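Here the structure is laid out as structure tokens; the discussion comes afterwards.
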Amino acid sequence: MIRILHATLLASPAVFGVSVLLHAQPPSASSTWRIADVPADLKPAIERADIYITAQHSALLRQLTQAVSRGGVALAIESCHLDATSQAYWVGRQHGYAIGRTSDRLRSPTNAPRPWAAAIIRDYAGKQAADVDGFALDLGERIGVLRPIAMRPVCASCHAAPERISAQVKDVLTDRYPRDRAVGFASGEIRGWYWMEIPKPARTGR
């Protein structure tokens, strides 16, 4: 299941990789795992989270591509924010799961990392997404799931180095996101993260 979800989400091996760069002392090491090392009884929760993350990612790429074809990058910037937000709200309303996107360089302050994710996001800033498959954290009754988002060509129009972003796009970003820091990403770099909080599987007995 995970292998299939990875292929769907990435469209290339550039977003989730098979190897992981581990920080020497990851935060809360006793309750933080690389996705590949998640205990067996928690893997069903990770698989459910990946389904929702994949759906959000696919919907966002689809809407972004359509917006670019209809109205150019300026419309896509608006679509990128509104469609991702509406998708996250839909998941929350329908299933009661918290889900969203975040980064070490935020475009909108409303996407600030959850406290449980902040240290990992800081420690992996600037890493290549292909080297990081993701993390799971024990949050008590829930599992926090982090999956990296790679800098891809479709993202370059408004997330590349400032000198590579057109004046028109800069004007739109400045108007909509006056505190924007989500620029300067290199190809393949971790541009952000999908995060999700999902209940642990019910225990059926000892």
Side-chain angles (χ1 to χ4, degrees), residues 2 5-6 9-10 15-17 20-39 41-60 80-127 129 131-151 155 159 177 179-183 185 189-201:
I2 295 296
L5 287 170
H6 284 189
L9 185 56
L10 294 186
V15 180
F16 295 165
V20 178
L21 294 175
L22 276 180
H23 189 269
Q25 300 232 345
S28 304
S30 62
S31 58
T32 301
W33 303 275
R34 301 173 301 175
I35 291 293
D37 297 332
V38 169
D41 63 330
L42 299 181
K43 287 184 178 179
I46 305 301
E47 292 179 354
R48 289 203 313 277
D50 276 338
I51 290 172
Y52 291 111
I53 290 171
T54 298
Q56 183 172 357
H57 184 76
S58 298
L60 179 60
C80 185
H81 172 76
L82 294 178
D83 289 325
T85 300
S86 63
Q87 178 73 11
Y89 285 161
W90 181 86
V91 171
R93 287 195 305 268
Q94 295 293 317
H95 303 281
Y97 302 155
I99 186 172
R101 293 180 301 163
T102 189
S103 177
D104 64 296
R105 283 177 260 173
L106 295 173
R107 178 141 285 169
S108 170
T110 60
N111 290 334
R114 306 289 261 201
W116 56 266
I120 290 176
I121 291 167
R122 181 189 65 241
D123 289 348
Y124 284 82
K127 304 295 187 184
D131 295 322
V132 185
D133 67 345
F135 295 92
L137 293 85
D138 191 334
L139 305 179
E141 295 182 353
R142 295 162 295 143
I143 294 295
V145 179
L146 282 171
R147 290 290 198 177
I149 304 170
M151 178 66 174
C155 312
H159 289 289
Y177 304 105
R179 298 168 61 185
D180 179 31
R181 296 179 55 243
V183 296
F185 293 100
E189 184 180 350
I190 295 176
R191 182 175 64 76
W193 301 77
Y194 285 105
W195 63 265
M196 188 167 189
E197 296 177 7
I198 193 161
K200 290 180 178 177

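Because only heavy atoms are used, hydrogens play no part in the values below, and waters and symmetry mates are left out as well, while side chains stay in. The structure presented is a predicted model; accordingly, all values stated were derived computationally and were not measured.
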[X] side, atom [atom1]; [Y] side, atom [atom2] - distance, nearest 0.5 Å:
X: I99; Y: Y194; atom1: CD1; atom2: OH; value: 8.5 Å
X: S103; Y: I190; atom1: OG; atom2: CD1; value: 9.5 Å
X: D138; Y: I143; atom1: CG; atom2: CD1; value: 5.0 Å
X: I198; Y: Y97; atom1: CD1; atom2: OH; value: 4.5 Å

For the ring pair Y124 and F135, is the centre-to-centre distance below 6.0 Å?
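Ring-ring flag for Y124/F135: true, centres closer than 6.0 Å.
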Listed by chain and number, what are the side-chain hydrogen bond (donor to acceptor under 3.5 Å, both in side chains) partners of [X], not counting sequence neighbours?
X: D104; result: none
X: R142; result: E197
X: R105; result: E189

Minimum-distance pair of heavy atoms, taken over all atoms of V132 and P148:
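Shortest heavy-atom contact: O-CG, 3.1 Å.
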Taking every non-hydrogen atom, the tightest pair across V145 and A49
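Heavy-atom minimum between the residues: CG2-CB, 3.8 Å.
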Are H159 and V183 close enough that some pair of their side-chain heavy atoms sits under 4.5 Å apart?
no
Considering only heavy atoms from C-beta outward, does the side chain of F185 approach that of I149 to under 4.5 Å?
no
